[in-house]
2 protein chains.
Amino acid sequence: MKNKNKKTVMSPAPSSVQKRKLIPKKTITSIEKNPEKLESEEVVKPSLSCVRRLPSYLQLLRALQADGHEYVSGTVLASVHHLAPVIVRKDLAFTGVTGTPRIGFQVTELIAAIERFLGWDNQNKAVLVGVGNLGSALLGYHGFENFGLQIVACFDNDPMKIDTWIRGCKVHSLDQLPRFIRRSHIVLGVLTVPAEAAQKTAERMVESGLLGIWNFTSVKLAVPANVVTQKEDLAEGLAVLSHRMQHVSKTLAIQQ
Amino acid sequence: MKNKNKKTVMSPAPSSVQKRKLIPKKTITSIEKNPEKLESEEVVKPSLSCVRRLPSYLQLLRALQADGHEYVSGTVLASVHHLAPVIVRKDLAFTGVTGTPRIGFQVTELIAAIERFLGWDNQNKAVLVGVGNLGSALLGYHGFENFGLQIVACFDNDPMKIDTWIRGCKVHSLDQLPRFIRRSHIVLGVLTVPAEAAQKTAERMVESGLLGIWNFTSVKLAVPANVVTQKEDLAEGLAVLSHRMQHVSKTLAIQQ
DNA sequence: AATATATTGATATAAATATATCCATATGAA
DNA sequence: TTCATATGGATATATTTATATCAATATATT
Ligand SMILES: NC(=O)c1ccc[n+]([C@@H]2O[C@H](COP(=O)([O-])OP(=O)(O)OC[C@H]3O[C@@H](n4cnc5c(N)ncnc54)[C@H](O)[C@@H]3O)[C@@H](O)[C@H]2O)c1
Ligand SMILES: NC(=O)c1ccc[n+]([C@@H]2O[C@H](COP(=O)([O-])OP(=O)(O)OC[C@H]3O[C@@H](n4cnc5c(N)ncnc54)[C@H](O)[C@@H]3O)[C@@H](O)[C@H]2O)c1
């Protein structure tokens, strides 16, 4: 805290005058003939992997914040998640935050930046359709509220379930969906109906005005271009697990 | 079926004598100094993305089989999953199957190959630890049996739950786990306890002899090197969904 | 029989993603 | 003060993954 407003007094070379570009840019590698992309620079979108990593940073940052930490270095974030520090720095750059050398990033600022970047800065409300095994579990789970998602209503077509309460949530008839959506300005839906009903139900959700569907069924949904779907396929993870286990046991068998 | 044993009679150039390498190989690009990798060729492992795609092929193949189809082309598999046909062909090559030009792949053979490749050719039995909201849903779900997984027993530490039946499965005390594992030669466990209990419970599972943990908690587990863990993090998918929705709505706003 | 066509498997190229390297900078230690 | 060090940001390189291209081939068509 000695001299706060000194700014690179020591740097002698004029080369240091170059402006620091915050967000990485893509340099044209091949002969770019697309007339749309005439500029020599183009803003690079974050990779899918980057977007997937952000929530894990967020979670750790919240813990650090609760623990009273004001700053955290990318190195620390990296080591916890077994990532290379460069990856973390690059990921964070996409959110627009700037760290300070030797210090790191301001925890609070970083949390806000990631939340803003992912659209989690104000809680997104959602409906859930299909209050069965999985649907009930998701309904009763409030962990997603840390990730910008709050399920506020649920729908089913089983007469036995309609108007009953499940996990503190009244089950509505699916027929009520359009009116509810229109009234509440909700854009996100969670789909947990059986596979056979998935496509048809998704269409009703879209007609009702939903713009995003978090799809837990095994069906690849066909939806209009303005609707985003995200399929959560547990079989994928299971495949990775099985494959890795095979590999490990094979490796051990060779070693022994 | 005219002349079965003709082998490239028409090919005149000696260049065509080159043997057809079935599985793709990696060509050394950079100056490879690692003495372990002196050979100019090395068997390429399937990418993680490839492993994740295989279950979706499998699912479609089963439907085709049930429908009486004997052959299927990579092109068809690709179009259903909105993938480029090359990707499918490459993915399938890893399983060791060979297709025939103009015909495609034999459905039954392909199913068997994928199952073998993923270690799903004989049903893997598993235990589930933490019979709460999510655990119960998974217990009651028999869809994983299509993907080589069968949950055969469940464990909890809540005295109120022990010895009750949930979804047709008797809840055992966690203390019983080691003996059960040893008796039944099970190697896989599903972890659905609260985050706070995750690491400790995982350790008990490992001590009991499990070699793989399908982890549904938000905790990154620390386990010995011979144990494989697969973390299922729904927040990742939610992040992708949120990010895409932001992008779409931004794009539409610009267009309008 | 000759030709056209869909398809596979191999190879080549491109694109995306991860990693290495370097410099500037803020802090603490000598 | 001077120096060493950890760190962020930029750029360069390497690696991984996806896509394009093409010869070979099995079937259908003319
Ligand atoms: N349970 C799991 O652990 C699990 C795991 C992975 C994937 N899934 C998938 O999640 C989906 C639901 O699984 P589940 O085990 O909860 O099934 P479930 O049968 O327990 O629940 C389905 C619910 O949807 C309702 N429903 C059926 N048709 C409907 C329609 N047309 N409109 C509205 N509601 C309708 C049913 O009344 C029921 O309440 C399935 O597609 C399944 O493949 C489940
Ligand atoms: N419910 C969901 O939809 C959902 C979604 C994503 C992730 N998760 C994660 O799954 C886990 C479980 O969630 P849930 O909603 O089912 O919670 P839950 O509280 O309903 O269930 C937890 C179960 O674990 C048992 N348990 C607690 N400590 C234990 C221990 N030491 N040993 C054995 N059993 C123990 C409890 O008795 C309870 O039955 C959590 O880590 C949660 O973050 C849940």
Side-chain angles (χ1 to χ4, degrees), chain A residues 1-4 6-13 15-32 44-53 71-78 83-94 97-106 110, chain B residues 1-4 6-13 15-32 44-53 71-78 83-94 97-105:
Chain A
M1 280 234 188
K2 283 168 188 173
N3 39 4
K4 206 171 185 178
K6 76 167 178 182
K7 32 170 75 175
T8 65
V9 190
M10 306 189 66
S11 24
S15 71
S16 67
V17 183
Q18 64 185 11
K19 67 174 176 211
R20 287 200 150 201
K21 280 176 263 170
L22 185 63
I23 297 179
K25 308 280 182 169
K26 186 198 263 175
T27 47
I28 303 300
T29 51
S30 62
I31 315 96
E32 188 69 75
V44 173
K45 287 189 302 182
S47 70
L48 206 64
S49 330
C50 164
V51 175
R52 300 186 84 101
R53 282 189 294 260
Y71 290 91
V72 63
S73 75
T75 318
V76 169
L77 286 176
L83 293 169
V86 221
I87 294 187
V88 176
R89 293 207 299 269
K90 272 193 150 188
D91 287 349
L92 297 185
F94 283 107
V97 287
T98 311
T100 41
R102 192 64 201 262
I103 303 292
F105 300 85
Q106 215 197 325
L110 204 43
Chain B
M1 281 231 187
K2 285 169 188 174
N3 37 6
K4 206 171 186 178
K6 75 164 180 183
K7 30 171 75 175
T8 64
V9 190
M10 304 190 67
S11 19
S15 71
S16 67
V17 182
Q18 64 185 10
K19 67 178 174 205
R20 285 201 149 198
K21 283 176 262 170
L22 184 63
I23 297 179
K25 309 280 182 168
K26 186 200 260 173
T27 48
I28 303 298
T29 50
S30 62
I31 313 99
E32 188 69 73
V44 173
K45 287 189 301 182
S47 69
L48 206 64
S49 329
C50 164
V51 175
R52 302 185 84 101
R53 282 188 294 259
Y71 289 92
V72 63
S73 75
T75 318
V76 170
L77 285 177
L83 294 169
V86 221
I87 294 187
V88 176
R89 293 206 300 271
K90 273 195 150 187
D91 287 350
L92 297 185
F94 282 106
V97 287
T98 311
T100 40
R102 191 67 200 263
I103 303 292
F105 300 84

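All heavy atoms count here, side chains included; hydrogens, waters and symmetry mates do not. Only a predicted model underlies this, so the values are computations on that prediction, with no experimental measurement involved.
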Complement of D:dT30, any strand, by Watson-Crick or G-U distances under 3.5 angstrom =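 Answer to the pairing question: C:dA1, which forms a Watson-Crick or G-U pair with D:dT30.
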Minimum heavy-atom distance [X]-[Y], with the two atoms named:
| X | Y | value |
| --- | --- | --- |
| A:L92 | A:V97 | O-CG2, 3.5 Å |
| A:L110 | A:F105 | CD2-CB, 3.6 Å |
| A:F94 | A:C50 | CD1-SG, 3.9 Å |

Rounded to whole angstroms, how far apart are OH on B:Y71 and P on C:dT8?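 In whole Å, C:dT8 P and B:Y71 OH are 13 Å from each other.
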Atom CZ of A:F105 to atom P of D:dT7: distance rounded to whole Å?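 Whole-Å distance recorded here is 11 Å.
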Does the side chain of A:S73 get closer than 4.0 angstrom to OP1 or OP2 of D:dT7 through an N or O atom?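 The answer is yes; a side-chain N or O of A:S73 sits under 4.0 Å from OP1 or OP2.
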Sub-3.5 Å pairs of nitrogen or oxygen atoms, protein against nucleotides 17-21 of chain D:
from: D:dA18; atom 1: OP1; to: B:R53; atom 2: NH1; distance (Å): 3.2
from: D:dA18; atom 1: OP2; to: B:R53; atom 2: NH2; distance (Å): 3.2
from: D:dT19; atom 1: O4; to: B:K90; atom 2: NZ; distance (Å): 3.4

Short N/O separations, protein against nucleotides 3-6 of chain C, under 3.5 angstrom:
from: C:dT5; atom 1: O2; to: B:R102; atom 2: NH1; distance (Å): 2.5
from: C:dA6; atom 1: O4'; to: B:R102; atom 2: NE; distance (Å): 3.2

### Query
salt bridge (Lys or Arg N to Asp or Glu O under 4.0 Å) with A:R89: which residues, sequence neighbours excluded?
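Here no residue qualifies.
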Nearest-0.5 Å distance that lies between atom CG in B:D91 and atom OG in B:S47: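 So the CG of B:D91 and the OG of B:S47 are separated by 6.5 Å.
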Using the test side-chain contact (heavy atoms from CB on, under 4.5 Å), find all partners of A:T100 that sit at least two apart in sequence or belong to another chain.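 A:T100: side-chain contact (heavy atoms from CB on, under 4.5 Å) contacts with A:I103.
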**Message:** List the residues meeting side-chain contact (heavy atoms from CB on, under 4.5 Å) with B:V51, not counting sequence neighbours, and say none if there are none.
**Reply:**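 So B:V51 forms a side-chain contact (heavy atoms from CB on, under 4.5 Å) with A:A239, A:V240, A:H243, B:P46, B:L118.
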Under a 4.5 Å cut-off applied to non-hydrogen side-chain atoms, are A:R53 and A:V88 in contact?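 SC-SC contact between A:R53 and A:V88 ruled out.
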